[in-house]
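Structure record follows, encoded as structure tokens.
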There are 2 protein chains.
Amino acid sequence: MAHRQAQQRRPSIHDVASRAGVSAATVSKVMAGVATVKPENAQRVLDAVEHLGYRVDPLASDMRRAKRRIIGAIMPEFESEFFGQMVSQLESLAEQRGYTLVAASSRESEAREKEILARMHDWRVAGVVLAPVRNEHGPAAAFMKANGMTGVLIDRVLSDDAFDTVSADSASASAEVARELIGKRHRHILVIGLGEQAATVRARLDGFRATALKLAPDVRIDVVLAETDVEPLRAQLRDYFDRGEGGGERPTAVYSLFLKGTLVALSEFRRRGWHCPNDISLVGFDDAEWMQVTWPAIAAVVQPVRQIAGHAMEALFARIEGEEGPPTARLEPCKVLMRESVGSPGNVPHSGDRQ
Amino acid sequence: MAHRQAQQRRPSIHDVASRAGVSAATVSKVMAGVATVKPENAQRVLDAVEHLGYRVDPLASDMRRAKRRIIGAIMPEFESEFFGQMVSQLESLAEQRGYTLVAASSRESEAREKEILARMHDWRVAGVVLAPVRNEHGPAAAFMKANGMTGVLIDRVLSDDAFDTVSADSASASAEVARELIGKRHRHILVIGLGEQAATVRARLDGFRATALKLAPDVRIDVVLAETDVEPLRAQLRDYFDRGEGGGERPTAVYSLFLKGTLVALSEFRRRGWHCPNDISLVGFDDAEWMQVTWPAIAAVVQPVRQIAGHAMEALFARIEGEEGPPTARLEPCKVLMRESVGSPGNVPHSGDRQ
DNA sequence: ATGAAAGCGCTAACAT
DNA sequence: ATGTTAGCGCTTTCAT
């Protein structure tokens, strides 16, 4: 029966038009909320829409318009709280403006990142929120530039000559971590990180070092950086502590510049039977829900996800709507949550300490 | 200059066609890999494509075809490892088949879930992977049914009369947890969960209870279920322990049926100064990276994310390609990781125990 | 083997 | 205020 078939094929704007006894153009106007439609006709259209269950096909609609109401989001991964929250926020903000967010994970690969970007370009997305794997100088940003895409760079970036950037204020947060640690009389601190994330790591490291040295010129800061991946870092860290054990020198605190580093540090402490904060203190950049329920609770730098997402979208939509002007570089303030994993050295005897 | 403008507007199939001296139809065939094109012409097209940097617009392409090569994925949240991994997997699998995954978070709201579904229907997605907030009987699945959408239900589902389902084998995993706990001589166990996730919670609870009672008929199993949200559960749990303290009765182990419950339990233990496993044992459904680096490491049921994602996509594409037949209901086996948070009661004196 | 023509579902000029 | 026309970029008969 014709009725049943109509159920299968979705009603198009023409179905509505003929049912309402007007043209497709008028239906289009009603759907778009254009005021110049005779109220009576508008009502007929609305009735037909209601009856048929008609909904505009956003893709067909975009096809005709200039730009598509789609925002692309590219994150290095989806598995962590930080990027999960970020995607969730971005989705919500895009939706509020009538855009759809299409998110993709580069899985920490710059090659994939570029591929995804190319695909998003194929989709003719209106704009892109890119959280690059490495930094703002990677091939993905170059691709965006070369193809005149509009976009915003977030997280592992500082500033760029072509795109607006939004990221956590790593340097200030790290300075505060330094203040806290120095204030608690730590004078030998190990900082661990991933060299790949050059800009960010540098900001965090420099921010930390500058403040620590200013407050305590005699402080010793060791640095263990792995280039690309977490596993090498684990090995390097093990090696570092092995050497330290022999020489009788061991840092009293560790500052991890990224989340996985915090996990690696914890697991290395476990292996050695060290407990926080008695044997060693620990602070990590990037907070997670579990950090406040473990024993000890893990001190962490909380990144302002909502602010980053919010300002990124704000900047992006401004550009989409044609705003000119040099790219801006925003830094959003973090919160440092000092929890039980940080103590003062010497307050409690180190178990198994040879000094 | 004309050249610069050409940079702005992406080359269309017609640009390629005229440069190659053939028609758009021929270009289309070459791009689609149709064999009936004279090799010489095909080469000219390829050269033009190369020169112009032409890429097919997938949306325009889908516009003309019947179905769009887009898969929708709806998850209750993006913030947890489980769903993060799930989206990542699904994206990868969709991509392998030349589809794009559009993921959205229902943020644990059934209302939003249905809205998202409607939007995906507007997009005319080829199929949907839905991880419902509650279970397979929610309004979202009903919407899918009513609109003849093709889809697969995952995670918080058992089976459905209209859609294929894929989920973790909660019952078997819970039975194994029961075996472990009973084997370690626990005879008073608290199970906590969220009532909302009816089917899953029931499967986990029943699987646990049946096996526990079979192995130890004298076992006492208390159950604390909050209906909708995590905070009420926290309150109920606190209340439960308060009552227990007075009566001198306290479970020796807690089995949390979902991840946030595990966090709530841990934080409640903290508040009371109880340590695992000496004061109480803990196992949680759902594993997370941090659980193996904390002290104690937290025992957990590991859900087979890859298998769930893999079989979900398999089933979905089979349906998309027209496979008929009654809906299937898959259960994927879990792994139970017994870690340090589980011990035997009485082995070590309970600190602060009044018994 | 190839191209002309006809749309997919929609919107934006332009007439009326 | 409304309808007609002309596409967006692509694919697909259907002639040739």
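Protein chains get the first letters and strands the later ones, always in sequence-line order, with residue 1 at the start of each.
- Spacing between atom NZ of B:K38 and atom P of D:dT16 amounts to 20 Å, rounded to whole angstrom units.
- When the salt bridge (Lys or Arg N to Asp or Glu O under 4.0 Å) test is applied to B:E332, the partners found at least two apart in sequence or on another chain are B:R330.
- Between A:F78 and B:Q85 the shortest side-chain heavy-atom distance does not fall below 4.5 Å.
- For the pair A:R69 CZ and C:dT11 C1', the computed distance is 10 Å after rounding to whole Å.
- In this structure, B:R55 reaches the sugar-phosphate backbone alone: every heavy-atom distance under 4.0 Å involves primed, P, OP1 or OP2 atoms, never a base.
- Between B:P39 and A:V56, the residue anchored nearer the 5' end of DNA chain C, judged by the nucleotide with its closest heavy atom, is B:P39.
- One can place CE of B:M63 at 7 Å from C1' of C:dC10, the figure rounded to the nearest angstrom.
- Between A:R10 and C:dC10 there is no side-chain polar atom (N or O) within less than 4.0 angstrom of OP1 or OP2.
- Taking atom CZ on B:R65 and atom P on C:dA6, their separation rounds to 22 Å, with Å as the unit.
- We find that CZ of A:R64 is positioned 8 Å from C1' of C:dC10, with the value rounded to whole Å.
- For the side chain to side chain contact (heavy atoms under 4.5 Å, CB included) with A:R69, the lone residue among A:T100, A:D62, A:L59 that qualifies is A:D62.
- Residues that satisfy the ring pair (Phe, Tyr, Trp, His ring centres under 6.0 Å) test with B:Y54, not counting sequence neighbours, are absent from this structure.
- Residues forming a salt bridge (Lys or Arg N to Asp or Glu O under 4.0 Å) with B:R55 (at least two apart in sequence, or on another chain): A:D122.
- The distance from atom CG of A:D62 to atom P of C:dA12 is 11 Å, rounded to the nearest whole Å.
- Legend: residues meeting salt bridge (Lys or Arg N to Asp or Glu O under 4.0 Å) with B:E113, ordered by chain and number and at least two apart, are absent.
- Atom P of nucleotide C:dG7 and atom CD1 of A:I13 are separated by 18 Å, given to the nearest angstrom.
- For residues 137-151 of chain B, every residue pair satisfying the salt bridge (charged side-chain N to carboxylate O under 4.0 Å, His left out) rule, not counting sequence neighbours, is listed here: B:K145-B:D160, B:K145-B:D161.
- Between A:R9 and C:dG9, a side-chain N or O to OP1/OP2 separation shorter than 4.0 Å is present.
- Counting non-hydrogen atoms under 4.0 angstrom, A:S12 reaches the backbone sugars and phosphates but no base.
- Of all the residues in residues 15-34 of chain A, A:A25, A:S28 reach under 4.0 Å from DNA chain C with at least one non-hydrogen atom.
- C:dA12 atom P lies 16 Å from atom NZ of A:K67, rounded to whole Å.
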